[in-house]
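Report on the structure given below.
This is a predicted model, so every value here is computed, not measured. Whatever order the structure lists them in is the order used to number ligands and atoms, beginning at 1. Atom set for the values below is all heavy atoms of this structure, side chains included, hydrogens, waters and symmetry mates excluded. Nothing fancy with the numbering, it's 1 onward along the sequence.
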Amino acid sequence: MLNFGLDIWDDGNFVIEEGKIALNHAKHPSLLDITKDIRERGYKGPLLLRFPHLIKKQISTLFEAFNSAIKEFEYQGKFYAVFPLKVNQYPNFIHSLMHVASPYGYGLEAGSKAELIIAISETPMGAPITVNGFKDKEMISLSFIAAKMGHNITITIEGLGELQTIIEVNSEFSKTSRTPIAPKIGVRIRLHSPGIGIWAKSGGYSSKFGLTSTELLEAFELMQQHHLLDHLFMVHFHIGSQMSEIAPLKKALREAGNIYADLKNRGATALSAINIGGGLAVEYAQHAHAQERNYSLKEFANDVVFLMQEISKNKGVEAPDIFTESGRYIAANHSVLIAPVLELFSQEYHQKSLRTKENNPPLVQELYDLLDTINRNNAREYLHDALDHMESLLILFDLGYIDLEDRSNTEILTNLIIKKAIFLLKDEDTDELKQLQNRIQEKYLVNFSTFKSLPDFWGLSQHFPIMPLDRLDIKPALPASLWDITCDSDGEIGFDPNSPLYLHDIDVTKDEYFLGFFLTGAYQEILGMEHNLFTHPTEVIINFDEEGNMHLDDLIEAQSLMDILDDLDYDTSKIDKSLKQKIEESIHIDEEEKTVLLSKLYLYLSENSYLKTIQANNDL
Ligand SMILES: *Cc1c(COP(=O)(O)O)cnc(C)c1O
């Protein structure tokens with residue numbers, strides 16, 4: 001696996017050139033060069049790189065797929081899209097997104113009051129805003145204020161109570177206003193068809209959201225009574241994220257399409273849109289057998305347009321405009337997390353650590369011989385012999401017949417024999433070999449936090465593509481398991497024999513080695529938690545001008561130690577005072593040294609919490 005499954009997950013966004021992974025864009029800058037450039041400016045620790053050209057690609061691909069399906073089927077409705085803010089609300093992402101999306105009339109979806117404020121302030125006039133999730137009177141009033149500003153805003157009702165609040169707010173606003181402007185109204189339907197995958201709970205009868213058919217009929221009548229039927233604009237559903245198959249979507253589309261047609265035939269004349277929510281999947285797999293998506297965007301778009309066409313024709317209603325709220329698909333590929341490897345934990349198993357004696361115990365001597373003479377033909381037999389000898393030697397140690405040096409030699413020699421055997425037998429794919437790889441895996445200590453940067457790996461075992469930034473012309477040989485720097489044993493990406501990751505054997509005291517974690521742009525940033533007080537890594541936007549020159553913009557450094565404590569509502573001036581006082585009053589520090597220690601202390605307080613140096617001559 002020299003290319004780390006690149007052709008499965010990268011969608012043509014990267015290339016390997018001269019052994020380094022580079023952007024397949026502009027002058028093909030390598031991620032390693034970009035990383036070094038930023039580090040030379042003094043920013044160490046993990047880095048989050050954002051690539052607006054990749055956001056642009058996702059948006060244009062999405063619009064092209066739907067618009068060409070519309071053309072092909074001569075569909076009468078139009079295509080619109082909004083970005084669901086819950087997927088990534090970070091300003092460096094949202095500003096890049098709104099910038100590259102401006103030709104498309106792309107809008108934002110909000111699921112809370114704070115997100116609604118972002119949507120109202122960032123969405124260009126005329127582009128759609130949709131409001132989902134549970135809403136109180138204030139949130140509904142905010143939507144009315146947005147409509148008054150001139151925004152094209154749709155409130156999706158999730159339950160009858162919300163509709164009643166809309167009726168109430170509408171009559172309050174009508175009293176104080178000469179021009180009765182109200183937001184458009186959408187209805188979220190509770191599908192009977194279930195979703196699929198680990199995020200499937202959004203669909204089905206037990207879903208948290210949406211109106212049952214009985215409630216839908218009641219809502220219709222309520223709107224009729226209160227003269228709001230001419231605001232009923234959209235039918236909405238969302239079947240869950242990272243949809244692995246297309247079949248559940250087709251079922252949901254038939255259900256929603258028939259509801260749309262029925263409501264229209266019942267007299268909802270303003271009803272003109274169907275919102276299919278999100279769910280469009282991203283391919284995160286690095287191994288062909290583990291692929292997560294069995295359909296293409298073209299198939300997805302064609303199915304939506306075709307089914308809506310068919311249902312509208314059959315029911316004799318106008319074809320609806322189609323809205324999507326795809327989030328993961330738009331945001332996932334825009335960011336890459338880059339983290340330095342700090343240390344490898346198999347040093348004890350190096351040949352150089354052997355403490356050979358003049359007279360080794362006979363079984364240890366046998367291990368030496370096995371290691372010397374193992375070859376392709378005898379590898380399996382010698383491997384079994386070595387494992388057997390090790391068992392015996394460990395028993396001899398327990399019984400007091402051999403000493404600690406003998407035991408250490410036993411462990412090193414057996415480990416080296418296993419490694420050699422795996423290498424010699426690498427074309428055979430037996431369970432035994434997989435088990436053994438598990439046993440000799442190399443632990444890479446990496447300067448990042450899985451809790452902060454890959455929470456879906458921690459919580460849901462969602463895989464993200466991982467690969468080194470260079471040495472890609474050298475076959476990596478060590479089965480790797482990654483340790484993050486939190487002191488939590490869950491902060492580990494263990495070696496998975498079914499989807500193995502191999503990395504290079506490196507000496508971090510001599511060489512730098514960086515790992516890239518890809519497709520981290522959706523959900524990971526805001527879900528990330530500050531376990532051990534590791535915060536959002538230093539981030540930067542990588543822009544390109546017309547000539548293809550690269551610009552590093554809007555760098556935001558990871559929070560300093562004091563800012564982190566401030567966020568937790570510690571009184572940082574008190575902490576500051578206490579630290580100073582303790583130095584001042586210590587009987588172990590003389591006057592001159594106080595100034596030195598204080599300045600050191602203040603330097604550390606101004607830095608972030610990721611590791612800086614771990615080995616004497618290694619700056620991380
Ligand atoms: C979360 C969510 C989305 C986004 O789903 P993705 O799988 O990220 O595309 C869209 N619509 C609604 C209502 C959501 O809750």
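- Ligand 1 has a nitrogen or oxygen under 3.5 angstrom from a nitrogen or oxygen of Gly327.
- Within the 4.0 Å heavy-atom criterion, neither part of Met243 lies near ligand 1.
- Of the N or O atoms in Pro84, none lie within a sub-3.5 Å distance of an N or O in ligand 1.
- Contacts with ligand 1 closer than 4.0 Å are made by heavy atoms of both the backbone and the side chain of Ser241.
- In terms of polar-atom proximity, defined here as any N/O pair under 3.5 Å, Lys86 does make such a contact with ligand 1.
- Residue Glu158 does not touch ligand 1, judged by heavy-atom distances below 4.0 Å.
- Contact annotation: for Arg328 versus ligand 1, heavy atoms closer than 4.0 Å belong to both the backbone and the side chain.
- Between Phe518 and Trp9, the ring planes are tilted. Angles from 30° to 60° get that label.
- Taking every heavy atom of Gly278 and a limit of under 4.0 angstrom, the matching atoms of ligand 1 come to 5 (O), 9 (O), 10 (C), 11 (N).
- Every atom of ligand 1 with a heavy atom of Val87 under 4.0 Å away is listed here by number and element: 8 (O).
- Although no hydrogens or angles enter the test, the distance criterion places a donor-acceptor pair under 3.5 Å between the side chain of Asn3 and the main chain of Gly5.
- In summary, the atoms of ligand 1 found under 4.0 Å from a heavy atom of Asn132, numbered by their order in the structure, are 13 (C).
- Contacts between Tyr329 and ligand 1 below 4.0 angstrom, taking non-hydrogen atoms only, are absent altogether.
- Interface of Arg188 with ligand 1, defined as ligand atoms under 4.0 Å from a residue heavy atom, comprises 13 (C).
- A side-chain contact (heavy atoms from CB on, under 4.5 Å) with Val446 is found for one member of Leu482, Ile485, Ile493 and no other, namely Leu482.
- The existence of a salt bridge linking Glu325 and Lys86 is excluded, since no basic side-chain nitrogen approaches an acidic carboxylate oxygen closer than 4.0 Å.
- Not a single heavy atom of Phe209 lies less than 4.0 angstrom from ligand 1.
- Classification of the His289-His287 ring pair by plane angle, with boundaries at 30° and 60°, yields tilted.
- Look at Asp136 and Lys113 and you find a salt bridge, because one of the NZ, NE, NH1 or NH2 atoms lies within 4.0 Å of a carboxylate O, short of that distance.
- Between Lys135 and Glu162 a salt bridge is recorded (basic side-chain N to carboxylate O distance below 4.0 Å).
- Atoms of ligand 1 found under 4.0 Å from any heavy atom of Ser326, numbered from 1 in the order shown, are 9 (O).
- Close N/O approach between Tyr523 and ligand 1 is found [any backbone or side-chain N/O within under 3.5 Å].
- The aromatic rings of Phe93 and Phe83 are tilted relative to each other, their planes meeting at an angle between 30° and 60°.
- Using a 4.0 Å cut-off between charged side-chain N and carboxylate O, Glu525 and Arg50 make a salt bridge.
- Other residues, nucleotides and ligands place more than 12 heavy atoms under 6.0 Å from the NZ atom of Lys315.
- Considering backbone and side-chain N/O of Glu325, one or more are found under 3.5 Å from N/O of ligand 1.
- Atom numbering of ligand 1 starts at 1 in the shown order; those under 4.0 Å from a heavy atom of Gly279 are 5 (O), 6 (P), 7 (O), 9 (O).
- No option in Ile129, Ile155, Asn152, Asp230 other than Asn152 meets the side-chain contact (heavy atoms from CB on, under 4.5 Å) test with Lys184.
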